[in-house]
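Some notes on the structure that comes next.
What you see below is based on every heavy atom in this structure, not just the backbone, and it leaves out hydrogens, waters and symmetry mates.
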Amino acid sequence: MEDKQAQKLNEHLDSDLVDKNVLGAMVLDNISQNYPGIKQFFSTIKLIEVNDKQATFIVSDVMTSEWINNHYMHILEKVFWEESEEELGFKKVVVNSQDAYKSRNLKPKKKGSSARGLTRVHEGTLNGRQSFGTFVKGASNTLAAIAAERVADKPGKSYNPLFVYGRTGLGKTHLLNAVGNTIYDDNKDFKICSISAEHFTNKVISSIRSGKTKELRDSFRFDCDVLLIDDIQFIAGKEGTQQEFFYTFNALYDANKQIILTSDRPPHQLSGIQERLVSRLEWGFSVEVLPPDVEHRVAILQTKAKDLGIRIDEEVLFVVAEKSGGSIRELEGFFNNVVGQASMLNVALDKSLVNDVSSRLLSTKSVDLINIELIQKEVAAFFGISVQDLCSKKRTKGVVRPRQIAIYLCRIFTDESLLQIGRGFGGRDHSTVLHSIATVEDLLAKNPSQENPIRVLQTKLRKISGGKLED
């Protein structure tokens with residue numbers, strides 16, 4: 001049956017009903033009309049290939065493809081599905097540069113290629129771009145990387161469980177995906193479960209409501225060879241979830257199945273977790289990922305610049321490294337902004353540009369001073385509404401826009417994950433947070449003036465954090 005459906009879809013894709021030029025033009029027109037502030041990033045985009053698995057777009061250069069992948073992929077996916085869903089159904093969307101697309105079709109695909117994007121596994125997904133090959137080692141993470149590589153080489157036979165902990169944005173999830181991708185490439189028969197603790201919790205709740213707890217237990221305890229769970233600290237205080245995970249852990253451990261977990265703190269510091277579960281988390285090997293030092297950050301930037309096909313003086317990279325925050329996520333975000341502005345404005349990527357971007361986007365802040373609650377208070381006071389309004393389900397214009405701005409500022413000024421930010425705003429989901437960030441980025445692109453209310457709030461938050469302004 002599945003073969004017939006696939007054949008029918010392929011025939012449909014090859015028919016005149018799917019005109020790539022027309023569909024590509026529709027996508028571009030949709031972006032131009034609904035997202036005018038970012039349309040310059042899509043001026044060269046072209047839909048080059050559509051098959052039964054994905055839609056492939058190309059743009060003129062690596063820098064533009066990187067920018068779309070890092071910042072606007074959720075918008076492109078949304079627009080593509082809007083324009084094609086009736087005819088083509090759900091599809092993965094891929095954006096490459098012209099050169100990358102040509103080389104992909106000229107050279108055989110290497111084993112374990114990190115260019116495959118998201119990969120659906122037995123339960124959950126793996127990010128194919130996060131491999132050991134793209135993980136830059138330094139003094140802060142070498143031990144964790146070595147332990148992860150050994151686990152990937154011999155799953156279930158060393159360091160079980162492997163527990164990787166550290167602050168948000170330091171590469172824990174990257175290592176988790178790297179292990180999963182390596183095992184996926186080397187052991188095609190292995191059933192991999194790669195999910196967040198939040199996902200696991202939701203599945204437990206859903207199985208209880210639907211009366212399908214047996215199916216849940218069988219799926220994780222008896223039909224899983226490798227269990228990867230991100231942010232295990234989120235099951236704190238959830239007794240039902242902890243009980244299910246406890247028995248799942250025991251079943252997998254006794255069967256020599258590999259377990260890998262990440263957290264923001266070591267097992268013994270996890271509050272709200274049952275003592276018997278904490279003891280099991282300590283059975284294997286716990287390793288910390290620390291913030292990278294300046295030299296490590298420069299090495300990460302050199303790798304990223306090489307991937308983009310651009311050359312940047314090492315002195316400039318040191319300035320970028322020093323101006324950015326302590327996390328890799330913040331470092332890459334700042335670098336992407338610098339590279340993006342250099343490309344859009346057609347100016348040299350030098351120290352002056354780095355300082356200019358730093359003065360407008362970042363602050364040399366104390367992360368202890370700026371948090372979600374403080375940002376909510378400042379935004380609420382600025383717009384004359386209450387913090388309760390920001391966290392409510394109100395959809396009036398006077399509340400929605402301030403809420404979007406507050407969410408954006410939380411992403412810029414804190415190290416909180418998208419999930420944590422969403423929780424801080426009344427339990428909003430991942431996609432809502434992403435939409436808010438994209439909307440505000442669009443507003444900033446339309447009006448980059450320092451008088452923009454968003455800029456005014458950024459300036460005030462920098463002053464609170466003790467950041468130095470370069471007016």
- [ ] Inspect the surroundings of CZ in Arg280 and state if more than 12 heavy atoms from other residues, nucleotides or ligands are less than 6.0 Å away.
- [x] yes

- [ ] Check the surroundings of atom CZ in Arg209: do more than 12 heavy atoms from other residues, nucleotides or ligands lie under 6.0 Å from it?
- [x] no

TODO: Return the set of residues passing side-chain contact (heavy atoms from CB on, under 4.5 Å) with Thr173 (not counting sequence neighbours), or none when no residue passes.
DONE: Gln130, Asn177, Asp230

Open item on the list: Within the structure provided, determine whether Glu49 and Phe57 are in side-chain contact (heavy-atom separation under 4.5 Å).
Closed with: no

TODO: Would you check if Val151 and Phe285 make a side-chain contact, meaning some heavy-atom pair closer than 4.5 Å?
DONE: no

Open item on the list: Could you check whether any side-chain heavy atom of Arg403 comes within less than 4.5 Å of a side-chain heavy atom of Lys394, counting everything from C-beta outward?
Closed with: yes

TODO: For a salt bridge (Lys or Arg N to Asp or Glu O under 4.0 Å) with Glu244, tell me which candidate from Lys203, Arg221, Lys238, Lys214 qualifies.
DONE: Arg221

- [ ] Would you indicate whether the side-chain heavy atoms of Ile454 and Leu443 approach each other to under 4.5 Å?
- [x] yes

TODO: Using a 4.5 Å cut-off on heavy atoms from C-beta on, say whether the side chain of Leu228 contacts that of Cys193.
DONE: no

Task: Parallel, tilted or perpendicular, as decided by the 30° and 60° cut-offs, for the rings of Phe163 and Tyr165 - done: tilted

Task: Which residues share a salt bridge (charged side-chain N to carboxylate O under 4.0 Å, His left out) with Arg411, sequence neighbours left out - done: none

Open item on the list: Quick check with a 6.0 Å cut-off and a 45 degree axis cone: is Lys188 positioned over the face of Tyr184's six-membered ring?
Closed with: yes

TODO: Compute the centroid of each ring, for Phe220 and then for Phe200, and state whether the two points are separated by less than 6.0 Å.
DONE: yes

Task: pair Ile195-Ile229: side-chain heavy atoms closer than 4.5 Å - done: yes

- [ ] Taking the side chain as every heavy atom from C-beta outward, state whether Ile259 and Leu261 have any pair of such atoms under 4.5 Å apart.
- [x] yes

TODO: Identify the two heavy atoms, one from Asp225 and one from Asp189, that lie closest to each other, and give their separation to 0.1 Å.
DONE: OD2-O, 3.9 Å

Open item on the list: Restricting to side chain to side chain donor-acceptor pair (under 3.5 Å), what partner residues turn up for Asp223, sequence neighbours left out?
Closed with: His122, Lys191

Open item on the list: Taking CZ in Arg150 as the centre, count heavy atoms belonging to other residues, nucleotides or ligands within less than 6.0 Å. Is the count above 12?
Closed with: no

TODO: Side-chain contact test, heavy atoms from C-beta onward, threshold under 4.5 Å: evaluate it for Leu170 versus Pro291 and give yes or no.
DONE: yes

